[in-house]
Amino acid sequence: MTDREYEIMEQVMDRLEDILCSYKGRGHQTVYIDMDSLALLVSLIIYGQIKVEPHSYDYDADIEEDETAVGIYRELAPQTRWRTGCHTQIEQIRMNALKEFAAMGTPAYNDYIWYADAGAAVECGEILPYEIFQLFTDMPEVNRLYIFPYPFREGDRKSVYYSFEPTQDGREEMKKYIDRKWEKVCRIVNGKGE
């Protein structure tokens, strides 16, 4: 690997840290916890097997006053472990995401906010590369994953969310990776006689 290629890989890895693990505080994770899955995700992005696009949106800090967003949130919340009426930042972020996709209808919840007709999953919060691989492997009907990172940044920039859309080759690479990890776990478990 040339110095330039290494520099590009490092920049992509750092940017993925900002996107996937931007929620600081209790339980904060980092994409660097599993370098194998991070390296694969970076490679898939760099070689065009996962297309990543930023989308700007107007974050509404007074979202609790928006009846449409609140209504969608309250309809979805019973399917989840979400608490309603807490007026926390994650609740506001989720409501902003739901408002952004209101044209797609009311979603269901299946580990992720799920818009079946659009084949889209939405994540507001931290997600690790391995979890992205699992999502696309376990739910082949998902064509696109939207990730809403923590929206509060310095300056007057608009808030941004990202879409991740794999090619068929990208999906196959993710599946191979998941299968290898699963085989490794099985070998460890069988080696200990459990």
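All values below were derived from every heavy atom in this structure, side-chain atoms included, with hydrogens, water molecules and symmetry-related copies excluded. One is the number of the first residue; the rest follow in order along the sequence.
Note that the CD atom of Gln79 and the CH2 atom of Trp114 stand 13.5 Å from one another [nearest 0.5 Å]. With values rounded to the nearest 0.5 angstrom, Glu173 atom CD is found 11.0 Å from Thr137 atom OG1. To the nearest 0.5 angstrom, His55 atom NE2 is 10.0 Å from Tyr162 atom OH. Distance check, rounded to the nearest 0.5 Å: CD1 of Ile127 to CD1 of Ile132 gives 5.0 Å. Atom CG of Leu76 sits about 9.0 Å away from atom CD1 of Ile72, to the nearest 0.5 Å. In this structure, CG in Leu98 is found 12.0 Å from CD1 in Ile93, a value given to the nearest 0.5 Å.
The environment of Ile33 atom CD1 is sparse: at most 12 non-hydrogen atoms of other residues, nucleotides or ligands sit within 6.0 angstrom. Environment of OH in Tyr32: crowded, with over 12 heavy atoms of neighbouring residues, nucleotides or ligands closer than 6.0 Å. Residue Glu141 places its CD atom among more than 12 non-hydrogen atoms of other residues, nucleotides or ligands, all under 6.0 Å distant. For Lys175, the NZ atom is loosely surrounded, since the number of other residues' heavy atoms within 6.0 Å does not exceed 12. Within a 6.0 Å radius of CD in Glu75, other residues, nucleotides and ligands contribute 12 heavy atoms or fewer.
A salt bridge links Asp18 with Arg15: the distance from a Lys NZ or Arg NE/NH1/NH2 to an Asp or Glu carboxylate oxygen falls below 4.0 Å. Looking at Glu91 and Arg94, no side-chain N of the basic residue comes within less than 4.0 Å of a carboxylate O on the acidic one, giving no salt bridge. Under the 4.0 Å criterion applied to side-chain N and carboxylate O atoms, Glu183 and Arg180 are not assigned as salt-bridge partners. Salt-bridge annotation for Lys51 and Glu165: absent, with no side-chain N of the basic residue lying under 4.0 Å from a carboxylate O of the acidic one.
Between Ala69 and Lys99, the closest heavy-atom pair is CB-CB, 4.0 Å. Across all their heavy atoms, Glu126 and Gln29 have their closest contact at OE1-N, 2.8 Å. When every heavy atom of Pro166 is checked against every heavy atom of Asn143, the shortest pair comes out as CD-O, 3.7 Å. In this structure, Ile46 and Ile8 approach most closely via the heavy-atom pair CD1-CG2, 4.1 Å. Ser159 and Tyr59 get closest at one heavy-atom pair: OG-CB, 3.4 Å. Nearest approach of Tyr23 to Ile90, heavy atoms of both residues: CE2-CD1, 3.8 Å.
If you chain together hydrophobic residues whose side chains sit under 4.5 Å apart, Leu128 and Val142 never meet in one group. In the hydrophobic cluster analysis, where Ile, Leu, Val, Met, Phe, Trp and Tyr join through side-chain heavy atoms closer than 4.5 angstrom, Leu20 is grouped together with Val160. At a threshold of 4.5 Å between side-chain heavy atoms, the hydrophobic network of Ile, Leu, Val, Met, Phe, Trp and Tyr places Phe133 and Tyr112 in one connected group.
Using bins of under 30°, 30° to 60° and over 60° for the plane-to-plane angle, the ring pair Phe148/Phe101 lands in the perpendicular bin. The aromatic rings of Tyr177 and Tyr130 stand perpendicular to each other, their planes meeting at an angle above 60°, with 30° marking the opposite boundary. The aromatic rings of Trp82 and Tyr73 sit parallel, their planes meeting at an angle under 30°, below the 60° perpendicular limit.
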Evaluation steps, side-chain contact (heavy atoms from CB on, under 4.5 Å), between Met139 and Asp111: CA-CA 11 Å; Met139 294 179 69; Asp111 291 328; over 6 Å; no
The test is side-chain contact (heavy atoms from CB on, under 4.5 Å); show your working for Asp66 and Met95 and say whether it passes. CA-CA 9 Å; Asp66 185 305; Met95 278 195 268; over 6 Å; no
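Applying the side-chain contact (heavy atoms from CB on, under 4.5 Å) test between Met174 and each of Leu135, Asp179, Asp169, Leu44 identifies Leu44 as the sole match.
Counting only distance, with no hydrogens or angles, the side chain of Glu53 and the backbone of Ser163 share no donor-acceptor pair below 3.5 Å. Side chain of Asp62 to main chain of Glu65: no donor-acceptor pair is present (N/O by atom type, distance under 3.5 Å, no hydrogens or angles).
Looking only at side-chain heavy atoms (C-beta outward), Met104 and Asp117 stay at 4.5 Å or farther from each other. Counting only heavy atoms from C-beta outward, the side chains of Val31 and Leu41 never approach each other to under 4.5 Å. At a threshold of 4.5 Å between non-hydrogen side-chain atoms, the residues Glu100 and Val122 do not count as touching. Glu10 is not listed as a side-chain neighbour of Glu7, based on a closest heavy-atom distance of 4.5 Å or more.
With no hydrogens or angles considered, a side-chain donor-acceptor pair links Gln89 and Tyr150 at under 3.5 Å.
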